[in-house]
Amino acid sequence: MKKIGILTSGGDSSGMNAVIRAATRTAFNNGIDVTGIVRGYKGLVKGEFRKLNRIDVSGIINQGGTILKTSRSEAFKTSQGRKQAYQNLKDNQIQALIVIGGDGTFRGADIFGEEFDFPVMGVPATIDNDILGTDFTVGADTAVNVALDAIDKIRDTVTSMERIFVVEVMGRDCGYIALESGVAGGCEQVVIPEIEYDVKRLTDDILQGYKQGKISWIIVVAEGGRKAQDIAQDIVTLTSLEVRVTVLGHIQRGGRPTARDRILGGRFGNSAVEFLLQGQRAKAVGIQGDKVVSLSFKETAAKRKSLNTDSYLRLIRVLT
Ligand code: ADP
């Protein structure tokens, strides 16, 4: 193998740069050239390729986002788009591809790899930690810590002003960030898409606590669970207490990657190249316990990874 391509695709997450750095350096150490493909599958179809040199990946380990930029591509979902992508890889003598992204990215990679018998290695990087077969994805730890930092700041005002706050964090289909930051932030309630929203239970808890003299609450909600504004309205209607709302939004995608995400990104990037060198293909790297493993795309795509919501919610119930 003389040359590989690398791209980041779908939603960005902090630590993608650590993966790019590790994969590129591992490739160089094995005498392999690296082509950076700009803007994910969009750039693959358009032929937006640039050679990566050692200097390109130095000083990026601590940067959020991705130096290769990322995007979503409708063209790559068509067979004509993928044919063009394959032609571009052939024209540039690229013999294997590393794709860094989430389950959508892996779906595309699986189809492409099968269609053209082309070696592809996936690296799971998503803030939701929702890829089946890996304990962690790159970027999830940073997103949780960014949300937690905001919750900690909100807590200062919550306790000083004695208020109820509803904080909306990211997670359209998945309550990972909400549950992790909710437990770590000592929050009173968490609303997530995996569990049906129970307005009566929520407001009964608040009213019961209020009767016992409790006057401040933080309720964390994953965006897919319910809109924070709607929950606030429910609480006002059913308890007549004052409620404030904070929507954290895109700040959760950014920020300096945590040590965990940098190390995970380093291990994943390194293993992705090593697995390719071993002749593995149509696989994604993952971590199980302390071991980096390779997973088939079919395994990662079999279903959505389910969270152990009970253990988080139990902890919240018992400790608040
Ligand atoms: P993520 O990788 O973060 O889950 P998306 O779901 O947006 O992000 O997927 C990223 C890209 O992967 C899409 O824009 C598309 O180009 C490609 N992709 C997703 N699903 C398919 C598919 N079924 N066939 C081909 N390409 C796909």
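The model shown is predicted, which means the values in this text are computed figures rather than measured ones. Read the numbers this way: they start at 1 and go in the same order the structure lists the ligands and their atoms.
- Below 3.5 Å of separation, one finds no N or O of Glu74 facing any N or O of ligand 1.
- Remark: Arg314 CZ is loosely packed, at most 12 non-hydrogen atoms of other residues, nucleotides or ligands lying under 6.0 Å away.
- Annotation: atom 14 (O) of ligand 1 to nearest protein heavy atom, Ser73 N, 2.8 Å.
- For the pair Glu274 and Arg267, the salt-bridge criterion is not met [side-chain N within less than 4.0 Å of a carboxylate O].
- Under a 4.0 Å criterion applied to the non-hydrogen atoms of Gly11, ligand 1 contributes the atoms 3 (O).
- In Arg201, the CZ atom is not crowded: 12 or fewer heavy atoms of neighbouring residues, nucleotides or ligands sit closer than 6.0 Å.
- For a threshold of 3.5 Å applied to N or O pairs, the pair formed by Gly10 and ligand 1 contains no separation below that value.
- Environment of CZ in Arg253: crowded, with over 12 heavy atoms of neighbouring residues, nucleotides or ligands closer than 6.0 Å.
- Lys46 NZ: 12 or fewer foreign heavy atoms inside a 6.0 Å radius.
- Counting heavy atoms only, Gly104 comes closest to atom 12 (O) of ligand 1 of the residues Ala75, Gly108, Gly104.
- Salt bridge Lys200/Asp204: present, at least one basic N to carboxylate O contact under 4.0 Å.
- Figure legend: Arg260 and Phe136 shown as a cation-pi pair, the cationic atom lying under 6.0 angstrom from the six-membered ring centre and within 45 degrees of its axis.
- Of the N or O atoms in Lys77, none lie within a sub-3.5 Å distance of an N or O in ligand 1.
- Shown in contact with Ser9 at under 4.0 Å from a heavy atom are these atoms of ligand 1, numbered in order with element: 10 (C), 11 (C).
- Ligand 1 lies less than 4.0 angstrom from a heavy atom belonging to Ile111.
- The single protein non-hydrogen atom nearest to atom 7 (O) of ligand 1 is Arg72 NE, 2.5 Å, given as residue, atom name and distance.
- Under a 4.0 Å criterion applied to the non-hydrogen atoms of Phe76, ligand 1 contributes the atoms 16 (O), 25 (C), 26 (N).
- Nearest protein heavy-atom neighbour of atom 2 (O) of ligand 1: Thr105 OG1, 2.5 Å.
- Less than 6.0 angstrom separates the ring centroid of Phe76 from the ring centroid of Phe112.
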